[in-house]
2 protein chains.
Amino acid sequence: MKAENKHSKIITAATKVFAKKGFFTARISDIAKEAKVADGTIYLYFNNKYDILLSVFEEGVGKILGKTQKLLAANDDPVEMLRIYVIEHLTAMRKNKNLAEVIQIELRQTNKVIKQYRDKKFSEYTGIITTIIQFGQEKGVFRSDIHPDLSKRILFGALDEVSRVWNVTLETHYTVEEVADQVLTIFLRGIMVANN
Amino acid sequence: MKAENKHSKIITAATKVFAKKGFFTARISDIAKEAKVADGTIYLYFNNKYDILLSVFEEGVGKILGKTQKLLAANDDPVEMLRIYVIEHLTAMRKNKNLAEVIQIELRQTNKVIKQYRDKKFSEYTGIITTIIQFGQEKGVFRSDIHPDLSKRILFGALDEVSRVWNVTLETHYTVEEVADQVLTIFLRGIMVANN
DNA sequence: ATTACATGAATGAATAGTCATTCATGTTTT
DNA sequence: AAAACATGAATGACTATTCATTCATGTAAT
């Protein structure tokens, strides 16, 4: 119990420190201080600095992925499914800005191993969009001339950028609902079969 | 001449090295080697490592911005203007993958100074989208319930993500034209006033 | 219930290596 | 022969990781 507790304390601290200072500028001693443990203790729970970063990502995305999949399972309307995905994503990013920062910035970084790891792990999450779009096309709700893979990038990129801004400027004047509504309005109108 | 020549040689080399290894992992000696100058020579042209990064960005974005503004000046159809912007951006990102990498990844980094600098400089470039959208709304071509600021993020995020992928996977199987077409189809249908 | 012993989690000072930046020296240009 | 430019080895500051030691908790023996 105590061990598990300390593990998450370090994860939480690291998320915060990485978000604030960036992976390379963050010091192990910063994380230790934030988590209120000794520097050495961190190495009882993680192999090295990279391992901490990957764990932050793994556990963070894991939670979001799990929740999203659960919510979507109870649904079979493509439009409604996209709505759920968008709202869940924006809500999660807004709620945990530190995690958002790590996912959006630190994990993209250069290091090929990190980058490929992120893309692999992440593709499970963004792949959901592709699946929904294909499903919608089969149902005849979404236009068939839309490339599911490309439009996945288009939607995800839009979500990524609008939520990234929450971490940069103090553009708090848009709520999750407003943003979700704009993104969905534009994207859905863009991919749906005309019906009026 | 010789000085100017060396300056750009270093910029080009740095762009390549930063793109490949990332800002923090890149060594000054790597850049020097790539540019075929001595380590110390770099400090005759730049104040420090950060200065090199900012210069890469400044000069790179400057060129793209200039070209885009020039092309747009000769036009007054909002739809056509968006098309030009999208195609120019994708073409530029595709053509200079190293610069794209630096802009998209390295410059987002954490360091608050860097980040704010990027956002300030960049907002001039992405702000063009906002202007075009507002222009289109005034002309009654784009829906008035679209937030120009938000939809700027939506379009730019989409562009950023689709072009980022060119640097990660070997997803070369979409051409600039195909990608531009999908993005524009979806986005324009999303923001235009219905006219049928 | 007190004492002796055992365990392994936690500590943080010391290590070992890295690299941005400087500068004494050399080379080229005017 | 100045002045301007270029070199790259040496410097010095910085920090991830290690590991000898401490300490808290549990178990066994008396």
Side-chain angles (χ1 to χ4, degrees), chain A residues 1-58 102 105-107 109-115 117, chain B residues 1-58 102 105-107 109-115 117:
Chain A
M1 289 312 101
K2 201 160 194 183
E4 179 49 37
N5 187 29
K6 207 148 274 190
H7 177 96
S8 12
K9 265 174 73 180
I10 295 170
I11 288 280
T12 306
T15 309
K16 194 167 174 181
V17 174
F18 285 154
K20 187 174 180 188
K21 310 188 75 173
F23 178 74
F24 288 103
T25 313
R27 301 298 148 225
I28 290 292
S29 56
D30 295 332
I31 299 173
K33 201 174 173 187
E34 178 74 33
K36 290 181 183 131
V37 299
D39 293 16
T41 306
I42 289 179
Y43 289 89
L44 298 176
Y45 295 89
F46 301 93
N47 298 325
N48 51 46
K49 208 179 161 189
Y50 276 107
D51 189 28
I52 308 176
L53 179 64
L54 293 186
S55 300
V56 165
F57 178 66
E58 184 100 29
V102 173
I105 315 291
E106 301 310 321
L107 240 116
Q109 230 116 80
T110 295
N111 183 309
K112 279 284 180 294
V113 179
I114 295 269
K115 193 177 271 180
Y117 171 84
Chain B
M1 288 309 101
K2 200 159 196 185
E4 180 51 36
N5 188 27
K6 208 150 274 191
H7 178 95
S8 13
K9 264 174 71 180
I10 294 169
I11 287 281
T12 306
T15 309
K16 192 167 174 181
V17 174
F18 286 154
K20 188 174 180 189
K21 311 187 76 172
F23 178 74
F24 288 103
T25 312
R27 302 298 148 224
I28 290 292
S29 56
D30 296 332
I31 299 173
K33 200 175 174 187
E34 178 74 34
K36 288 180 183 134
V37 299
D39 293 15
T41 305
I42 289 179
Y43 289 88
L44 298 175
Y45 296 89
F46 301 92
N47 298 325
N48 51 47
K49 207 180 162 188
Y50 276 107
D51 190 29
I52 307 174
L53 179 64
L54 293 186
S55 301
V56 165
F57 179 66
E58 185 100 29
V102 173
I105 315 290
E106 301 310 321
L107 240 115
Q109 231 118 70
T110 295
N111 184 310
K112 280 284 178 295
V113 180
I114 296 269
K115 192 178 272 179
Y117 172 84

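Chain A is the first sequence line, chain B the second, and so forth, proteins listed ahead of strands; every chain is numbered from 1. As the structure is a prediction and not an experimental result, all values here were calculated from the model.
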Candidates D:dT7, D:dT17, C:dT21 - which lies nearest the side chain of B:Lys49
C:dT21

Rounding to a whole Å, what distance do you find between B:Asp30:CG and C:dA20:C1'?
12 Å

Determine whether more than 12 heavy atoms belonging to other residues, nucleotides or ligands lie under 6.0 Å from atom NZ of B:Lys49.
yes

What is the distance from OH of B:Tyr50 to P of C:dA20, rounded to the nearest Å?
11 Å

Angle between ring planes, B:Phe18 versus B:Phe23, binned at 30° and 60°: parallel, tilted or perpendicular?
tilted

Rounded to whole angstroms, how far apart are CD1 on B:Ile42 and P on D:dG8?
12 Å

Rounding to an integer number of Å, can you tell me how far B:His7 NE2 sits from D:dA6 P?
13 Å

Closest approach to the side chain of B:Ala38, judged atom by atom: which nucleotide of C:dA9, D:dA6, D:dG8 is it?
D:dG8

Which listed nucleotide (C:dA20, D:dT17, C:dT11) is nearest to the side chain of B:Arg27?
C:dA20

Check the distance between C:dT27's C1' and B:Leu44's CG and give it to me in whole angstrom.
14 Å

Minimum side-chain heavy-atom gap A:Asn48-A:Asp51 below 4.5 Å:
yes

Between atom NZ in B:Lys33 and atom P in C:dA20, what is the gap in whole Å?
15 Å

Below the 4.0 Å mark, does D:dC5 have OP1 or OP2 next to a side-chain nitrogen or oxygen of B:Lys6?
no

Just how far is it from atom CD1 of A:Ile28 to atom OG1 of A:Thr41, taken to the nearest 0.5 Å?
11.5 Å

Determine: side-chain N/O of A:Tyr45 to OP1/OP2 of C:dA10, distance under 4.0 Å, yes or no.
yes

Does the side chain of A:Asp30 come within less than 4.5 Å of A:Glu34's, by heavy atoms?
no

Gap between atoms CG and C1', on B:Leu53 and C:dA20 respectively (whole Å):
15 Å

B:Phe24 CZ to C:dT18 C1': how many Å, rounded?
15 Å

Is the distance from OP1 or OP2 of C:dT11 to the nearest side-chain N or O of A:Tyr43 less than 4.0 Å?
no

